[in-house]
Amino acid sequence: MFRTTRLKLTAWYLLLIMLISFLFSLVIFIDVNRELIRFEHYQELRQDRIKQQYGEVQMPTETNPFDEQLVFEARNRLIASLVILNICILGGAGVAAYFLAGRTLGPIKKAVEDQSRFIGDASHELKTPLTTLRSEIEVYLRSKKKTIAESDAILKSNLEEVIRLQSLTDSLMRLTSLENSTANFEKVDLATVIEHAIRSVAAVSKGKKITIKNRSGSVTLHGNTKSLIQLFIILLDNAIKYSKNNTTITVRSKIYGGVAYIDVIDQGIGIPENEREKIFNRFYRVDKSRSSFDIPGYGIGLSIAKEIVAMHKGAVSCTSNKKGSVFTVELPV
Ligand code: ADP
């Protein structure tokens with residue numbers, strides 16, 4: 001598809017370049033031709049003047065008679081030069097137009113590829129809970145003797161799958177809405193944002209007896225409050241998810257060279273070095289088997305975090321070892 005589009009775009013670029021080149025050649029031809037006509041006319045006048053002065057018979061030998069053939073040849077040479085020039089431009093412009101078409105289509109091609117990959121991955125993630133739901137319902141319907149306890153168990157399991165599906169679709173919608181958004185920016189106090197995020201995950205951290213220490217100072221920056229709260233909820237939620245019970249999570253901040261650095265430090269299972277770049281990709285999850293406990297998720301959280309940070313012209317990175325991970329958010333202040 002992109003090959004044909006590239007060729008079509010090349011043809012349009014080429015047409016435009018050749019049109020401009022042709023117009024320039026025409027202007028040059030008209031201009032030079034006008035000069036030749038003026039020259040012809042001047043030569044005729046000169047000839048007439050000499051004839052009147054000396055008479056037809058006694059014309060001096062050093063006054064060359066006007067040669068029309070010379071002007072004719074000059075005109076032909078001009079046309080030939082312009083044709084050769086245009087052929088050269090056609091060749092050069094063809095290569096340049098093909099290259100430019102490739103450059104123009106490059107970002108569009110990448111966006112289309114990203115979108116198809118996203119649709120493919122999302123469908124794949126949706127398929128698992130849907131298949132589970134379907135097979136559970138089918139098995140239940142086929143069973144002859146249905147007890148209330150069995151029905152309750154099936155419904156409970158179905159509800160879990162529906163909740164999983166709902167959280168997945170919510171995350172997907174958040175991700176797409178972020179990509180298309182030009183969020184309203186306002187003055188934001190980072191300390192308030194972090195406090196809000198900590199409050200939102202308090203119930204979950206309490207459940208795992210995890211202490212969250214807030215060591216962040218007051219920093220005012222330009223951003224979107226809702227998105228920034230969401231960003232820290234994602235990082236804190238992950239820190240809780242990937243940590244064992246009775247551990248500590250610390251949030252600290254500092255400003256250096258016009259940039260606020262906010263660290264979310266956990267004492268969790270850590271992330272292998274070769275995975276640290278990939279975890280920000282959509283649907284990417286590090287091998288589940290590395291933790292002794294089953295951690296629910298779809299690998300979307302950090303890609304949302306990355307989008308939010310990009311929206312704020314900042315960055316997010318991760319360092320980690322066996323004692324835990326540090327997620328650092330950089331935001332311009
Ligand atoms: P999810 O948590 O839903 O799988 P994320 O995009 O939030 O998706 O995270 C991607 C992956 O990065 C996770 O599957 C996990 O393996 C890893 N990860 C994220 N945060 C942490 C953390 N604090 N400690 C250890 N691993 C983490």
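Here the structure is a predicted model, which is why all the values come from computation and not from measurement. In listed order, ligands and their atoms are each counted from 1.
Of all atoms in ligand 1, listed by their number and element, those nearer than 4.0 Å to a heavy atom of V286 are 14 (O), 16 (O). Within ligand 1, the atoms closer than 4.0 Å to a non-hydrogen atom of I300 are 6 (O), 8 (O), numbered from 1 in the order shown. Taking a cut-off of under 4.0 Å to the non-hydrogen atoms of G297, the atoms of ligand 1 that pass are 3 (O). Residue K241 approaches ligand 1 through these ligand atoms, each under 4.0 Å from one of its heavy atoms: 1 (P), 2 (O), 3 (O).
Below 3.5 Å of separation, one finds no N or O of I269 facing any N or O of ligand 1. Looking at Y284 next to ligand 1, no N or O pair under 3.5 Å apart turns up. Residue G299 has at least one N or O atom closer than 3.5 Å to an N or O atom of ligand 1. Close N/O approach between S303 and ligand 1 is not found [any backbone or side-chain N/O within under 3.5 Å]. For ligand 1, the polar-atom distance check against F327 finds no nitrogen or oxygen pair separated by under 3.5 Å.
Under the 3.5 Å distance criterion, with hydrogens and angles disregarded, a donor-acceptor pair is assigned to the side chains of Y13 and T104. Judged by distance alone, the side chains of S157 and E136 do bring a donor and an acceptor atom under 3.5 Å apart.
Remark: R38 engages E35 in a salt bridge, criterion side-chain N to carboxylate O under 4.0 Å. A salt bridge between K226 and E186 is absent, with no side-chain N of the basic residue lying under 4.0 Å from a carboxylate O of the acidic one. Ion pairing of D121 with R117 is absent here, as no side-chain N (NZ or NE/NH1/NH2) approaches a carboxylate O to less than 4.0 Å. Remark: K156 does not engage E160 in a salt bridge, criterion side-chain N to carboxylate O under 4.0 Å.
In this structure, L7 shares a hydrophobic cluster with Y98, the cluster being traced through Ile, Leu, Val, Met, Phe, Trp and Tyr side chains under 4.5 angstrom apart. Residue W12 belongs to a hydrophobic cluster whose other members are L15, with links defined by side-chain heavy atoms closer than 4.5 Å.
With atom 18 (N) of ligand 1 as the reference point, the heavy atom nearest to it among F280, F283, Y242, Y298 is part of Y242. Scanning I279, N238, D237 for the heavy atom closest to atom 12 (O) of ligand 1 points to I279.
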Is there a ring pair (Phe, Tyr, Trp, His ring centres under 6.0 Å) between F185 and H312? Walk through the geometry before answering.
CA-CA 9 Å; F185 275 29; H312 287 81; 4.8 Å; yes
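Put simply, part of G270 is less than 4.0 Å from ligand 1, judged by heavy atoms. Residue contact check for ligand 1: G268 places no non-hydrogen atom closer than 4.0 Å to it.
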